[in-house]
Each structure stands twice: as structure tokens, then as C-alpha cells.
2 protein chains.
Amino acid sequence: MPMDERKLDVLRAIVEDYVATQEPVGSKALVDRHNLRVSSATVRNDMAVLEEEGYIRQPHTSAGRIPTDKGYRLFVDKLSRIKPLSPAEKRAIQRFLEGSLDLDDVVHRAVRLLAQLTRQVAVVQYPSLTRSTVRHLELISVSTTRLLVVMITDTGRVEQRLCELPGPYDEESVLTLRRLINEKLTGKRLADTPSLVAALVDEVRYDLRPAMTSLSTVLMESLAERNEERLALAGTVNLTRSALDFHGSLMPILEAIEEEVVLLKLIGETGTSGSMVRVLIGDEHEFADLRTTSVISTGYGPGQTAVGGMGVLGPTRMDYPSTMAAVRAVARYVGEILAQNSPH
Amino acid sequence: MPMDERKLDVLRAIVEDYVATQEPVGSKALVDRHNLRVSSATVRNDMAVLEEEGYIRQPHTSAGRIPTDKGYRLFVDKLSRIKPLSPAEKRAIQRFLEGSLDLDDVVHRAVRLLAQLTRQVAVVQYPSLTRSTVRHLELISVSTTRLLVVMITDTGRVEQRLCELPGPYDEESVLTLRRLINEKLTGKRLADTPSLVAALVDEVRYDLRPAMTSLSTVLMESLAERNEERLALAGTVNLTRSALDFHGSLMPILEAIEEEVVLLKLIGETGTSGSMVRVLIGDEHEFADLRTTSVISTGYGPGQTAVGGMGVLGPTRMDYPSTMAAVRAVARYVGEILAQNSPH
DNA sequence: CCTGGCACTCCCACGTCGTGAGTGCCAGTC
DNA sequence: GACTGGCACTCACGACGTGGGAGTGCCAGG
């Protein structure tokens, strides 16, 4: 059945008012603040229906109504347009991100910016290794039996790892190894490298095999273990403003925030969702402890494909249109900066 | 005047009980739980004196006493010995830290461990660049006009930075530059490098001067700007347990925690305080917002000199002996690991 | 110098109660 | 049939009052 037009207006009004005031909203207040052209009694009838359908609920009898998760969902899907940022805001974002020195700096600035714009907890995932490509691999002799392996990706991310060699090798051997590795790996997507690395050992002179074996072990480790993605976080202060929304205890969110795995599942890009902003409301995600938390996230990257995710966590009662706009904008600008720094 | 022995016992008992129970402690409870060999009336007299001298206070009339900052200070300085950890704990610490792969990993593990042991917010400063020495500098051609400068320090910290060259240079020139830079800088303390870097330009063949100028600029920047120290943080969840101690609002601490500058001032090593554990109680530090917060910190490093600081923040009412023990132990083991990884 | 006793203080938990915002329902109107 | 005004009803919430109990200060006696 097509949902009654006015009923939707009422729901929208309830969501907007509740988000703004943080208090259950009653029929009288609604007709006052929004120019619905009907009386409060009519609104009451609509609200009764909305409640029956599960979009709103009363905290207790004779209190106003508040949206349910289902209500927010409808609001986000149908009733709101992502609020475009003002030109001034856009300029501010751009200016703030432009001064960045390196990848670390970009990520840090982005996450702070996001926290500040949304006044929520912000998370930015570092560009994922597996979805980057190898730009260069360098071997640096630290001592005669120790090499530092430095891998640079196209997103500017640099990984380094110490490698213990089975015996001493001279400078020239190291150079040979370096050349070979770069020949085979440069330009390859990291996801594809494990098989390539495995094949390296067979390509090399007999006397260099032990060294290459050690190296490939280290490389494999980098690709596997180090696949633990890194995260940057900001805006935990904002939790204090919303303490009430989390029925008083900040523990669950603080716990989730410290657990990188949880955050990654929440904001990490799952597929190639492109430039879509994803919204998870309340228990739409898998973490029971975060029942009253919503997650707004999106992917970002230098081109069309995402190399990482970013987003914010906040109470289900949050300003979805603005938050979504901010997340989308920051992701977009970060993508642009990454593209500038690594013309492919 | 020499402080009366029993009065000190009473103060100690008050601190210990208050820390344990989180409630003002009365004269009756004191004589019950600790075997002071006197009556509650006597204890009351002592408490009256202690209060007059400013070591304890009553939240309100007819309530028990709680220690003041001055009381905690006396307790820490005179009345408590750092509680040695059990062998089991020591083994656990060692085992936990031993599996570390690289510096990042050591720091992360250390900070988590510290948070877990003390049940407070833990902070670890990455080994400070200025107090490290250069182990190796590597130049990597990313394109013909771009070099990646990678600096490895004796603490295992790796800094990288992109350098835009004024024109194209061939592989051999880069090698020459690399050799020269390493000759001059390897083994030097980073604090001493600025003057050395400045001198580099004059040492080089005429045709390489423009490149060397760019490089030295980048190096100087690394040393200056990048001197912004990095931090790792863990255990914010523990704040929820102590919410009451911060008169309800976690905002000030959360704010401080996000402000790296503040944290650095609090736990960063100021001088060469050696292996001492430093304790700042309440408003002994400079941040008015953290009046109810104490800071336990110490330096750590591969040898005698500290390359960084670590510590915990918690309510003034905390278990000082245990916390100090944990901080000292973790710092010690981290130092050992750093020493292992970089035999000088 | 210590102790038992006693009067005093005052926080806190608990129960009571009035108030007001908000509702559901119903009869009346366009 | 959809909307409106009116009315009785429901409860959360804050104010107020009260009793109990933990803890203190003081004093006189050992």
C-alpha cells in the first residue's frame, strides 16, 4: 500500500524534532513547529498508526513519541536528501586537507576533520594494503646478515620489515635480489603477490636461494599478518555529549572503539560499493552491544575503486542528512588528494 | 617536627581503604580492618590532626575521611613501597612483549599491556627521534625526479619522506648522494644532525648541488616538523569504571587524551630522569581540567638514557603502589626488547 | 595519653503527592 | 469520510518531608 503522504510528513517532522531537541515529541509541539495544515488531534491519529506500524514508539504512556530504528531507516531511505554542504564548508575542508605532508598526515587530518564536522566519533581506515599496488621494493643492508625490506605502495603507504639472512651477503648480491624482486612485483596488486613471491625463489641464482627464501618468508608475513589494517580515530570527546543516548554507560562504545577488529567490520569497505554512503542503524549491524549506535561509512580512494573506508559512529538519534553529507565530502576530498599524490 | 608514627599508619590505612572501597572511611571501620592497636576514639583524634594539617578531609560533616592530594603525595613519597610484581606477572609481561615483530608492534603491545595491568588509560610515546641515532639513510628513486628518503634509527623507528628533485638524476648520482649522506650522518644523534645536514651541500660535486639542496631541505623538515612525537593510547574503556571520580563528566580527560600535546607534556620524558617513576597527583601538573587526575610515568630506552616516555592516567584515587610497579616493569621490559633489537 | 560513652550532625534512601504534558476516544462539523 | 475540539485519564518527574544510620567531637575517667 502506498504510504499516506501526510503520515510521512509527520514521521519526518518527528525525526527532525527529536534529533534536534533530544526529547520525545508530542502532537501539539509538532503542529506548532512544522506547518502541517491540520490539528493536533489529526496528528495524534496518524501517530497512532505510525506506532502500530513500528516506525515510532512511546518511551512510556503519556509521553511523546520517538522514532524507532525502523523509523530512522525509512527516514534515511525515503524522507531525507543528503544535505549539501555550504561552499564555505567545502572550501574549509579542502583547505584543511591540502596542507598534508604525507599519507599519515592526510589520514590524521581527515579523521579529525570528520570528527569536528559531524561532532561524532570518526574512524578512517588506512589505505588497505591488499587493494594497493606495489610501487617499489627496497632492500637496505642494516648489517651483513640483516636486511630492511621497505615496500612502497601507490597510495603512499610504506611498510617496512626486518629480515634475518641465513648468512652474510655482499652488497652486490643484495642488489641482484633487489632488482629481481622489483622486476617481478612492481605494479602488481598486493592481493596477487603471494603467488608471485612464492615463485621468486626458483628464479634466482643457486647461491642466493637461502637469502631469497628468507626474504620471501618475510614478504609473505608482511602480506598476511600485517594485513591487520590500521585505523585512525578521533572525536571520542563527542561521546560525552551523547552519553544519555547510550543509556548512561559509554562502556560498550568505548570497548568497540578500542577493538580495531570491530571498527574494521563496521566501517571497513566490504565490496566495491563505489561512492555510496552506507548507513547502519542500531541493530542492523552485528554487534549487540552497540544496539543504540549507528554507523555512517563510505569508501574512499584515488579513483573509482575504494582503497579504504571511513565513517563515524554515533547514537541512532543523530542528524543523518548532515552526517552523511560530511562523510561523503571528506571521502571525496581525501580521494582527490590521494589521486594527486600518485598519478598512475 | 617528626610526624607521629601512628598518625602515619592511620593515613596509610585511610588511603588504602579509600582506594579499595571508593568510599569515605570512618574511624570505626579503620580499627576493624587494620590492626591498629588503639580504639576508634584515638583514631578520631589523629584524624582530626591529619585533617588540620591538610592530609585528609571530610566530604561533609559526619562523613568519613578521604585523602587530599597532599595526603596522596605523602603516601606515595613516604608510606608506600612500590609493590613488586609476582613472578607470574613478570613472566606474563615478558611473554606478551616477546612476540613483537617490529617497533610499531612493541609499542602497541606495550600500551595495551599497560592499560590491562593498571586498568587505567595508558600512553606510550614512540621513541623520540631527537634522542635516537641514525642507523642508515636510504634514497629510493620513485621516478626520475622523485626520491623517497627513508631514515632508520637505532630504535627501529623508520621515517620516510618524499623529495621532489629540481631535475632528473640518474641512478649513479643518487648512489653518490646516498653514500655521502650515510658517511656523514650514520651513527650521529638526530639532535646533532641539523648542522651536519647544512654542511652536506658544500661537500658534494657541483652538478649534484641542486639535488642535495632539495634533499637537505627535506631532511631538515623531517627533523623539525616531524618532531611532533607520536603516541599510542589504550584503555579508555577503563574510564567508565572511574566515571564517578571525575565528578561524572569524562569530558576533560577525553579531551586531554585527544590532544597529543597535552599527553606529551604529561608523560613525555622531560630530562634524563633515568629509571625513576614519576608521579603527578591532581593539580601538581599544569592542566586545570585534570585536577582529579593523576599521572604515573617513566622513561624507557634501550640503555640508561630514555628515548621516550610511557605512563598511565587515572583518578587521583588510584592504587599507586601497584600502578607504579606496573609502569616500571613494562618500561623495563620494553627497554630490554629495544636493546635486543638494536645491539649498538 | 588513651578509652568508653554520649549527644549531635547531616547525608541519603524512601515514600508521598501535586503538576503538567501528552494521550486516546468520541461526538460533532464540513 | 476525514478532520476537529473537547474531555477524562495516565504517568514521569520534581518537591517535600521523614527516619535511620554512620560518623564525628568532646569530655570525663583510667
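Note that these values count all heavy atoms, side chains included, but never hydrogens, waters or copies made by symmetry. In the text below, chain A, chain B and the rest are named by the order of the sequence lines, each starting its count at 1.
Of the listed nucleotides (C:dT23, D:dC3, C:dT3), C:dT3 has the atom at the smallest distance from the side chain of B:V38. Among the nucleotides C:dG24, D:dT24, C:dT3, the one closest to any side-chain atom of B:N45 is C:dT3. For B:S39, whose side chain is taken as the heavy atoms from C-beta onward, the closest listed nucleotide among C:dT3, C:dG24, D:dG25 is C:dT3.
Within the nucleic acid shown, A:S27 comes within 4.0 Å of sugar-phosphate atoms alone, with no base atom in reach, counting heavy atoms only. At a threshold of 4.0 angstrom between heavy atoms, the contacts of B:A63 are confined to the sugar-phosphate backbone, with no base atom among them.
Here C:dA13 presents its C1' atom at 14 Å from CD of B:E23, a figure rounded to the nearest Å. Distance A:I66 CD1 to C:dA21 C1': 16 Å, rounded to the nearest Å.
For C:dT9, its base sits under 3.5 Å from the side chain of B:S62 at one donor and acceptor pair at least. A donor-acceptor contact under 3.5 angstrom links the side-chain atoms of B:R44 to the base of C:dG5.
OP1 or OP2 of C:dA21 has not a single side-chain nitrogen or oxygen of A:Q58 nearer than 4.0 Å. An OP1 or OP2 oxygen of C:dT23 is reached within less than 4.0 angstrom by a side-chain nitrogen or oxygen of A:R65. At the phosphate of C:dC1, neither OP1 nor OP2 sits under 4.0 Å from any side-chain N or O atom of B:T42.
If A:K28 and B:T61 are placed on DNA chain C by their nearest nucleotide, the residue sitting closer to the 5' end is B:T61. Place A:G64 and B:R37 on DNA chain C by their nearest nucleotides, and B:R37 ends up nearer the 5' end.
Side-chain N/O atoms of B:R44 and B:S27 include a donor and acceptor closer than 3.5 Å.
Heavy-atom contacts from other residues, nucleotides or ligands closer than 6.0 Å to NZ of B:K28 number 12 or fewer.
Remark: B:T293 OG1 to B:L280 CG distance equals 11.0 Å, nearest 0.5 Å.
Screening B:V111, B:I257, B:V312, B:V295 for a side chain to side chain contact (heavy atoms under 4.5 Å, CB included) involving B:V121 leaves a single residue, B:I257.
Legend: residues meeting side-chain contact (heavy atoms from CB on, under 4.5 Å) with A:R12, ordered by chain and number and at least two apart, are A:D9, A:E16, A:F75, A:L79.
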